[in-house]
Engineer: 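Following this message is one structure expressed as structure tokens.
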Amino acid sequence: MLELRLVQGNLLKKVLEAVKDLVTDANFDCSSTGFSLQAMDSSHVALVALLLRSEGFEHYRCDRNVSMGMNLNNMAKMLKCAGNDDIVTIKADDGSDTVTFMFESPNQDKIADFEMKLMDIDSEHLGIPEAEYHAIVRMPSSEFARICKDLSSIGDTVVISVTKEGVKFSTRGDIGNANVVCRQNTTVDKPEESTTIEMHEPVSLTFALRYMNSFTKATPLSSTVTISLSSELPVVVEYKIAEMGYIRFYLAPKIED
Amino acid sequence: GCNQSTITEFFGKL
């Protein structure tokens, strides 16, 4: 039996909006530590890792570790029916082949039950090493989303380079090329508007912009985004989920042949 | 040109 009650139901709504276009079907794993998901897109170029820690739920009952296969589009359709201020509860009985999403309005005057069929999805979990990254950029998530959107109107790949000057996003295409340089800026009145760059050594990697634009659908989850780069690893684009966990997108680089 | 690598080239199956 599992029953997870999330007072900030809109977090789950935003999570589904962030992943439903990247991954179609995925297993949600439920254990005593929390509610998580790890899945690759169909081309195995990107991977999304979600963690919602059990402490972040108002009520978290998970009698035994369980993995529930869900179609994320269908799940998103059901969560769209939840109000932004609704309390969302995820319920499933042991051995059941369905999961129920319950939406309660803040003043408890409306309660909705949406039951969805579960699927059998055989997915292997990948080992993601905790790595030392050559460069870690923290910046406003809206700014990162704007840069990815703007550059994708010029080219389809972005070179992200971190030097002591700052972080540079470059692209080129038929009509020309574009460079956006962001410098460290901590003299802002609101911390979430600051850009900080931690560089251990210069790094420069090339990525497909369409995946980056897909990742920025998670922008509503956090005012800041963290981009961690290392020359031998996929980039990690991370959005923290308020006091609950995170959603991390890993993107494999394009390698000069 | 640039060849797109895949995640599974970097992260092994558990």
Side-chain angles (χ1 to χ4, degrees), chain A residues 22-23 27 29 36 38-49 67 122-131 133 155-160 170-173 204-212 214-215 228-237 248-257, chain B:
Chain A
L22 188 68
V23 174
N27 280 319
D29 299 308
S36 61
Q38 188 202 84
M40 282 190 281
D41 77 300
S42 53
S43 60
H44 289 194
V45 169
L47 177 128
V48 57
S67 181
D122 56 347
S123 71
E124 329 247 332
H125 270 59
L126 299 182
I128 301 172
E130 284 300 321
Y133 285 93
D156 53 18
T157 63
V158 59
V159 178
I160 305 180
S170 309
T171 190
R172 65 178 48 259
S204 179
L205 287 163
T206 305
F207 300 101
L209 272 165
R210 75 183 178 88
Y211 290 99
M212 288 292 187
S214 176
F215 300 166
S228 305
L229 295 137
S230 177
S231 45
E232 312 87 37
L233 284 171
V235 62
V236 196
V237 178
R248 285 176 186 153
F249 297 99
Y250 296 80
L251 179 55
K254 293 174 79 89
I255 313 277
E256 300 283 333
D257 50 12
Chain B
C2 264
N3 299 320
Q4 177 62 62
S5 60
T6 61
I7 287 286
T8 36
E9 291 168 43
F10 297 90
F11 299 151
K13 292 195 182 338
L14 280 182

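Residue numbering restarts at 1 for every chain, and letters A, B, ... go by the order of the sequence lines. Small disclaimer: the values here were computed from a predicted structure and weren't measured.
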Engineer: Please round to the nearest 0.5 Å and tell me the distance separating atom CD1 of A:Ile128 and atom CG of B:Leu14.
Structural biologist: 8.5 Å
Engineer: Side chain to side chain contact (heavy atoms under 4.5 Å, CB included) with B:Ser5: which residues, sequence neighbours excluded?
Structural biologist: A:Ala252, A:Pro253, A:Ile255, B:Glu9, B:Phe10
Engineer: Nearest 0.5 angstrom please: B:Ile7 CD1 to A:Leu233 CG, how far?
Structural biologist: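 Output value for this atom pair is 9.5 Å.
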Engineer: Under 3.5 Å, sequence neighbours excluded: what are the donor-acceptor pairs made by side chains of residues 39-46 of chain A?
Structural biologist:
residue: A:Asp41; atom: OD1; partner: A:Ser43; partner atom: OG; Å: 3.4
residue: A:Asp41; atom: OD1; partner: A:His44; partner atom: N; Å: 3.2
residue: A:Asp41; atom: OD1; partner: A:Val45; partner atom: N; Å: 3.0
residue: A:Asp41; atom: OD1; partner: A:Ala46; partner atom: N; Å: 2.8
residue: A:Asp41; atom: OD2; partner: A:Ser43; partner atom: N; Å: 3.1
residue: A:Asp41; atom: OD2; partner: A:Ser43; partner atom: OG; Å: 2.4
residue: A:Asp41; atom: OD2; partner: A:Tyr211; partner atom: OH; Å: 3.4
residue: A:Ser43; atom: OG; partner: A:Tyr211; partner atom: OH; Å: 2.7

Engineer: Got A:Lys254 and B:Asn3 here, is their nearest side-chain heavy-atom distance under 4.5 Å?
Structural biologist: no
Engineer: To the nearest 0.5 Å, what is the distance between OG1 (B:Thr8) and CD (A:Glu124)?
Structural biologist: 11.0 Å
